[in-house]
Amino acid sequence: QVQLVESGGGWVQPGGSLRLSCAASRSISSIAVMGWYRQAPGKQRELVANIVSTVGTTNYADSVKDRFTISRDNAKNTVTLEMNNLKTEDTAVYYCNFVAVTPFRNYWGQGTQVTVSS
């Protein structure tokens with residue numbers, strides 16, 4: 001069974017940077033969208049950023065615009081989230097997500113903790 005494997009989470013001070021990466025354990029056909037979600041304690045899971053696999057168009061939550069950058073490598077089935085100028089409010093478990101189509105498939109990573117504190 002295919003897995004999404006995340007890496008790059010950890011502990012960083014406010015203003016610091018982290019890069020999260022996610023790779024499929026094997027090739028996934030017909031990926032439409034790749035993205036990152038996060039969930040902080042007591043809050044709903046929210047979309048952080050996503051990217052349309054074929055054309056590279058991106059979408060960001062207002063709270064991370066101009067600080068985070070999402071990118072992908074379709075050939076490698078990977079998606080990356082570059083996080084800059086991190087704030088304490090960014091502390092959450094971050095989840096990688098791939099949406100594939102025909103048939104519809106929705107894949108999730110196991111989650112990786114990002115903690116921003118001094």
Side-chain angles (χ1 to χ4, degrees):
Q1 179 63 43
V2 65
Q3 308 174 216
L4 302 186
V5 181
E6 298 153 320
S7 62
W11 190 311
V12 67
Q13 294 187 357
S17 299
L18 285 173
R19 177 179 291 175
L20 304 183
S21 296
C22 175
S25 62
R26 60 181 177 88
S27 180
I28 298 171
S29 63
S30 302
I31 295 172
V33 182
M34 301 174 172
W36 290 92
Y37 291 72
R38 67 186 181 188
Q39 188 167 24
K43 293 188 176 182
Q44 301 270 36
R45 186 174 298 187
E46 65 175 350
L47 176 69
V48 178
N50 60 18
I51 183 165
V52 179
S53 180
T54 52
V55 298
T57 54
T58 57
N59 181 56
Y60 296 93
D62 287 343
S63 60
V64 308
K65 284 180 179 177
D66 303 318
R67 298 190 297 119
F68 291 10
T69 302
I70 189 169
S71 60
R72 90 298 192 205
D73 186 329
N74 289 336
K76 296 180 180 178
N77 278 190
T78 59
V79 64
T80 298
L81 186 69
E82 183 74 39
M83 304 185 293
N84 299 308
N85 191 24
L86 282 159
K87 305 178 184 298
T88 57
E89 303 96 292
D90 297 316
T91 296
V93 177
Y94 284 70
Y95 297 89
C96 177
N97 173 247
F98 289 5
V99 176
V101 295
T102 314
F104 176 82
R105 288 153 289 153
N106 198 10
Y107 299 95
W108 291 94
Q110 78 286 353
T112 185
Q113 178 71 46
V114 172
T115 302
V116 185
S117 70
S118 56

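Please read these numbers as outputs of a predicted model, since none were measured by experiment.
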Closest contact, heavy atoms only, [X] versus [Y]:
X      : Y      : value
Lys43  : Gln39  : O-NE2, 3.1 Å
Val2   : Ala24  : CG2-CB, 4.2 Å
Gly9   : Val114 : CA-CG2, 4.3 Å
Ala100 : Ser29  : CB-O, 3.5 Å
Gly16  : Val12  : CA-CG2, 3.8 Å
Arg72  : Ile51  : CD-CD1, 3.6 Å

Please confirm whether the backbone N or O of [Y] pairs with a side-chain atom of [X], one donor and one acceptor, at under 3.5 Å?
X     : Y     : answer
Asn50 : Thr58 : no
Tyr60 : Ile70 : yes
Asn74 : Thr54 : no

- Item | Gap between atom OG of Ser21 and atom CG of Leu81 - 0.5 Å precision |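 Answer rounded to 0.5 Å: 9.0 Å.
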Go through the side-chain N and O atoms of [X] and [Y] and say whether any donor and acceptor fall under 3.5 Å apart.
X      : Y     : answer
Arg105 : Ser30 : no
Asp73  : Thr78 : no
Glu82  : Thr80 : no

- Task: Verify side chain to side chain contact (heavy atoms under 4.5 Å, CB included) between Trp108 and Glu6, making sure each step is shown before the conclusion.
- Result: CA-CA 10 Å; Trp108 291 94; Glu6 298 153 320; over 6 Å; no
Donor-acceptor list for residues 86-96 side chains, cut-off 3.5 Å, not counting sequence neighbours:
| unit_1 | atom_1 | unit_2 | atom_2 | d |
| --- | --- | --- | --- | --- |
| Asp90 | OD1 | Arg38 | NH1 | 2.9 |
| Asp90 | OD1 | Arg67 | NH2 | 3.1 |
| Asp90 | OD2 | Arg67 | NH1 | 2.8 |
| Asp90 | OD2 | Arg67 | NH2 | 3.4 |
| Asp90 | OD2 | Lys87 | N | 2.8 |
| Thr91 | OG1 | Thr88 | O | 3.0 |
| Thr91 | OG1 | Val116 | N | 2.9 |
| Thr91 | OG1 | Val116 | O | 3.3 |
| Tyr94 | OH | Arg38 | NH1 | 2.9 |
| Tyr94 | OH | Asp90 | O | 2.7 |

Answer yes if [X] and [Y] sit in the same cluster of Ile, Leu, Val, Met, Phe, Trp and Tyr residues linked by side chain heavy atoms under 4.5 Å apart, and no otherwise.
X      : Y     : result
Trp36  : Val33 : no
Val64  : Leu18 : yes
Tyr107 : Leu20 : yes
Ile31  : Val99 : no

- Task: Check the surroundings of atom CZ in Arg19: do more than 12 heavy atoms from other residues, nucleotides or ligands lie under 6.0 Å from it?
- Result: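 Not more than 12 within 6.0 Å, no.
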- Is the number of heavy atoms from other residues, nucleotides or ligands within 6.0 Å of CG (Asn106) greater than 12?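 Enclosed.
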- Phe98 vs Ser53 side-chain heavy atoms within contact, under 4.5 Å: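 When only atoms from C-beta onward are counted, Ser53 and Phe98 do not touch, as no gap falls below 4.5 Å.
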